[in-house]
Amino acid sequence: MSCSIIKNTLGRTGIRVAKLGFGAAPLGQKFYDLKGDPKATVASALSHGINYFDTSPYYGASEEALGKALQGYPRDSFVVSTKVGRLAEDKFDYSPAWIEKSVEKSLKLLGLSHIDILLLHDVEFLPDTSSINEVSLPALQKLKERGVVRAIGFSCYPLETFPQILDGPNGELVDVVLSYAHNNLVNATLPCLDIYLQGKGVGLIDASPLALGLLRDDPPPEWHKAPPELRSECREIAENLRKTGWTPLQEIALKFSLRSTPASTLLVGMSSPEEVERNVATFGRASSYAEFELAQLIRDKLRHWCFTSLA
């Protein structure tokens, strides 16, 4: 199925990104299984107008796989965001020295002369984010001034962390932020952040419409932090949909997030051409009234988990 993926401007950056973005974490094979050839998967995405790809050194071999898959395509035909600062599950380094070293390696792995969007990765794990404002953001700004990156920002999970940094010293340097798992059938609080960001002129990237793999037909990854009771509820919903022949849970969840996201782009993890085709088809097909009502029923059933941390 073919459809036109609309593009939006990301905040004040001037960068145009497809409404449906490509989450490249699965290409790294660290957190998710790879189901297809990365080059064929990326080629399928580009052929459908998906021009935005998000990766990170933390995602295993994702940067290298993405870089190889993008070889041969005109540089202005795609947008890449990558990240710095998260080295391991419990190891972080947002120092200027590490940022320089990490970006140099990312450029090499991606095979690029510049990075479109550079984000400080998962800053909420710092006990005190003051160093992000006082040290890390100025370091990113210097890279931007040198033309190494086009736009800078940060990613994090707790919504309260965004104003802590954006209202702090050098917060005005931030062009874009990435929020994940706050626009889905479990937690739909992202519009609250968007209103605030619009006042700042900061672009918003929305990620993880399936709540980090919770809202899909298969069980969530072993590392998922959702409590057992929530896992059980989601599994029950998925199984009931399967038994009755209704639309699969992951398609209902993706449609809900695409319809409700206030962001310029919604990142969806993709690991095969078939997944790309399925996601593009979901993007292009309007929900029936029955599917819309079903999404609302699922949302109401899971609403009491809204403030349960998933990360």
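Keep in mind that what you see is a predicted model, and the values were worked out from it rather than measured. Note that the numbering runs from 1 along the sequence shown for the chain.
Using a 4.0 Å cut-off between a side-chain N of Lys or Arg and a carboxylate O of Asp or Glu, Arg75 and Asp116 qualify as a salt bridge. Between Lys35 and Glu274 no salt bridge is recorded (no basic side-chain N to carboxylate O distance below 4.0 Å). Remark: Arg216 does not engage Glu275 in a salt bridge, criterion side-chain N to carboxylate O under 4.0 Å. The pair Arg242-Glu239 meets the salt-bridge criterion, since a charged nitrogen lies less than 4.0 angstrom from a carboxylate oxygen.
Tyr73 and Asn51 form no side-chain donor-acceptor contact under 3.5 Å, judged by distance and modelled atom types alone. Judged purely by distance below 3.5 Å, without hydrogens or angles, the side chains of Thr247 and Glu291 pair a donor atom with an acceptor atom. With no hydrogens or angles considered, no side-chain donor-acceptor pair links Ser257 and Asn184 at under 3.5 Å. With 3.5 Å as the limit, one finds a donor-acceptor pair spanning the side chains of Trp305 and Glu233.
Listed by first and then second residue, the ring pair (Phe, Tyr, Trp, His ring centres under 6.0 Å) pairs involving residues 156-195 are Phe154-Phe162, Tyr157-Tyr180, Tyr157-His182 (not counting sequence neighbours).
Across all non-hydrogen atoms, the minimal contact from Gly153 to Leu140 is O-CD1, 3.7 Å.
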Please report, to 0.1 Å, the donor-acceptor pairs under 3.5 Å made by any side chain of residues 293-302, with sequence neighbours excluded.
from	atom 1	to	atom 2	distance (Å)
Glu293	OE2	Tyr289	OH	3.4
Arg299	NH1	Leu185	O	3.3
Arg299	NH1	Val186	O	3.1
Asp300	OD1	Arg303	NH2	2.7

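Rounding to the nearest 0.5 Å gives a distance of 9.5 Å between CG of Leu112 and OG of Ser106. A distance of 10.5 Å separates CG in Leu241 from CD in Glu236, rounded to the nearest 0.5 Å. Lys225 NZ to Leu212 CG: the interatomic distance, rounded to the nearest 0.5 Å, is 10.0 Å. Going from atom CD of Glu172 over to atom CG of Asn170 covers 5.5 Å, rounded to the nearest 0.5 Å. The CG atom of Asp37 sits 11.5 Å away from atom OG of Ser44, with the distance rounded to the nearest 0.5 Å. Taking CG of Leu137 as the reference point, atom CG of Leu120 lies at 6.0 Å (rounded to 0.5 Å).
Under the 4.5 Å side-chain contact rule for hydrophobic residues, Ile195 and Leu159 do not share a cluster. Cluster annotation: Val174 is connected to Leu190 through the hydrophobic network of ILVMFWY side chains, with a link wherever side-chain heavy atoms come within less than 4.5 Å. When hydrophobic clusters are built by joining Ile, Leu, Val, Met, Phe, Trp and Tyr residues whose side-chain heavy atoms come closer than 4.5 Å, directly or via intermediates, Trp246 is grouped together with Phe256. Transitive grouping of hydrophobic side chains (ILVMFWY, heavy atoms separated by less than 4.5 Å) keeps Leu109 and Leu143 in distinct clusters.
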*Begin with the C-alpha distance, continue with both residues' side-chain angles, and end with the deciding distance and a verdict on side-chain contact (heavy atoms from CB on, under 4.5 Å) for Asp54 and Ile205.*
CA-CA 10 Å; Asp54 176 73; Ile205 299 166; 6.0 Å; no

query: Taking it one step at a time, do Tyr196 and Asp167 satisfy side-chain hydrogen bond (donor to acceptor under 3.5 Å, both in side chains)?
result: CA-CA 11 Å; Tyr196 165 80; Asp167 291 339; 2.8 Å; yes

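Panel note: side chain His224, backbone Ala211; a donor-acceptor pair is recorded below 3.5 Å. Within the 3.5 Å criterion, the main-chain N or O of Pro38 finds no donor-acceptor partner in the side chain of Lys68. Without hydrogens or angle criteria, Thr9 side chain to Ile15 main chain gives no donor-acceptor distance under 3.5 Å. Between the Arg235 side chain and the Asp218 main chain, a donor and an acceptor come within less than 3.5 Å of each other.
The aromatic ring centroids of His121 and Tyr59 lie less than 6.0 Å from each other.
Annotation: Glu160, atom CD; neighbour count of heavy atoms from other residues, nucleotides and ligands within 6.0 Å is above 12. Heavy atoms of other residues, nucleotides or ligands lying less than 6.0 angstrom from NZ of Lys19 number more than 12. Annotation: Lys142, atom NZ; neighbour count of heavy atoms from other residues, nucleotides and ligands within 6.0 Å does not exceed 12.
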